[in-house]
Amino acid sequence: MSKNICAFTGHRPSRFPWGYDESNQECVALKEILTGEIMRLTDIGVTNFLSGMAEGVDTWASVIVLALREKNPAIKLHCILPCKTQADNWSSTSQVLYRSILEQADSIIYVSRDYHKKCMMERNKFMVNHADIILAVCRKIPRSGTEATINYARKMSREIIIIDPSARKLTHENPVADFTAI
């Protein structure tokens, strides 16, 4: 079975010590690790990437995928949006980036037309249900959407790659490999 679909999940800027300061050295280092892991995935045949397009990790990963697509047109970015108004309350700078990514995306899927209490989690479940691999940038934050998405991915037996943003270390969870080793 070919594993060629990866979904991104991760924290919004407010969850990181540097907040929205993407010039911060820790943020730059984290983006380099994220870039390296996305490049590694493309090297092993992952060509489709799903982004929920939240601020922070989702948009960073989307920008990386679009840059890699310039050199490898087989790479595709699919934006999975919780609702049509997702970015309405973001800063104007964030909205410009959001619209720019959407204009370049290979596809856009709206999980819901209108915002409702569960639309973000429905978006996250949609991505897990349609992905082979989940690439997460996450630190342990109870009751966060990222943590809930990772837990759902575990329940659905997805391969999970977690980048710890503080230690900048990768953890791989591969339920299929773990099961066959028993």
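Index from 1, following the sequence.
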Please determine if [X] and [Y] form a salt bridge, counting it only when a charged side-chain N lies under 4.0 Å from a carboxylate O.
{"X": "Lys125", "Y": "Glu122", "result": "no"}
{"X": "Glu32", "Y": "Arg168", "result": "no"}
{"X": "Asp58", "Y": "Arg12", "result": "no"}

State, yes or no, whether a side-chain contact exists between [X] and [Y] at a heavy-atom distance under 4.5 Å.
{"X": "Phe8", "Y": "Leu50", "result": "no"}
{"X": "Val46", "Y": "Lys3", "result": "no"}
{"X": "Met53", "Y": "Ile101", "result": "yes"}
{"X": "His130", "Y": "Ile5", "result": "no"}
{"X": "Ile162", "Y": "Ile150", "result": "yes"}
{"X": "Ile109", "Y": "His78", "result": "no"}
{"X": "Ile108", "Y": "Ile80", "result": "no"}
{"X": "Leu41", "Y": "Ile133", "result": "yes"}

Any donor-acceptor pair under 3.5 Å linking the side chain of Arg15 with the backbone of Gly56?
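Side chain of Arg15 to backbone of Gly56: no pair is present.
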Counting only N and O atoms by type, is there a donor-acceptor contact under 3.5 Å from the side chain of Lys76 to the main-chain atoms of Pro73?
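Such a contact is found between Lys76 side chain and Pro73 backbone.
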Nearest 0.5 Å, please: how far is [atom2] in [Y] from [atom1] in [X]?
{"X": "Thr35", "Y": "Met39", "atom1": "OG1", "atom2": "CE", "result": "8.0 Å"}
{"X": "Ile64", "Y": "Ile38", "atom1": "CD1", "atom2": "CD1", "result": "4.0 Å"}
{"X": "Ile160", "Y": "Thr149", "atom1": "CD1", "atom2": "OG1", "result": "10.5 Å"}
{"X": "Leu77", "Y": "Thr47", "atom1": "CG", "atom2": "OG1", "result": "12.0 Å"}
{"X": "Asn48", "Y": "Ile75", "atom1": "CG", "atom2": "CD1", "result": "10.0 Å"}
{"X": "Trp60", "Y": "Ser51", "atom1": "CH2", "atom2": "OG", "result": "12.5 Å"}

Over 12 foreign heavy atoms within 6.0 Å of CG, Asn72
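Atom CG in Asn72 is packed in, count exceeds 12.
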Do Tyr20 and Trp90 have ring centroids that are under 6.0 Å from one another?
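Here the rings of Tyr20 and Trp90 have centres that are no less than 6.0 Å from each other.
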Which residue in the set Lys118, Arg123, Met120, Met121 passes side chain to side chain contact (heavy atoms under 4.5 Å, CB included) when paired with Val111?
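That would be Arg123.
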[X] versus [Y], closest heavy-atom pair with distance:
{"X": "Leu81", "Y": "Gly52", "result": "CD2-O, 4.1 Å"}
{"X": "Ala105", "Y": "Cys79", "result": "CB-SG, 3.6 Å"}
{"X": "Arg40", "Y": "Ile161", "result": "NH2-CD1, 3.5 Å"}
{"X": "Ala153", "Y": "Ile134", "result": "CB-CG1, 3.7 Å"}
{"X": "Gln86", "Y": "Ala54", "result": "NE2-N, 3.7 Å"}

Grouping I, L, V, M, F, W and Y whenever their side-chain heavy atoms are under 4.5 Å apart, do [X] and [Y] come out in a common cluster?
{"X": "Trp18", "Y": "Ile163", "value": "yes"}
{"X": "Val63", "Y": "Leu135", "value": "yes"}
{"X": "Met127", "Y": "Leu66", "value": "no"}

If we count only N and O atoms by modelled type, under 3.5 Å, do the side chains of [X] and [Y] hold a donor and an acceptor together?
{"X": "Asp88", "Y": "Tyr115", "answer": "no"}
{"X": "Ser94", "Y": "Ser91", "answer": "yes"}
{"X": "Glu55", "Y": "Thr59", "answer": "no"}

Just do the side chain to side chain contact (heavy atoms under 4.5 Å, CB included) check on Asn151 and Glu147 with the steps written out, would you?
CA-CA 6 Å; Asn151 288 334; Glu147 193 70 31; 4.1 Å; yes
For Val57 and Thr146, what are the C-alpha separation, side-chain angles and deciding distance, and is it a side chain to side chain contact (heavy atoms under 4.5 Å, CB included)?
CA-CA 10 Å; Val57 172; Thr146 301; over 6 Å; no
Side chain to side chain contact (heavy atoms under 4.5 Å, CB included) evaluation trace for His11 with Ser144:
CA-CA 8 Å; His11 301 304; Ser144 74; 4.0 Å; yes
Determine whether Val128 and Arg158 satisfy the following criterion, side chain to side chain contact (heavy atoms under 4.5 Å, CB included), listing intermediate values before the conclusion.
CA-CA 8 Å; Val128 170; Arg158 298 299 186 257; 3.9 Å; yes
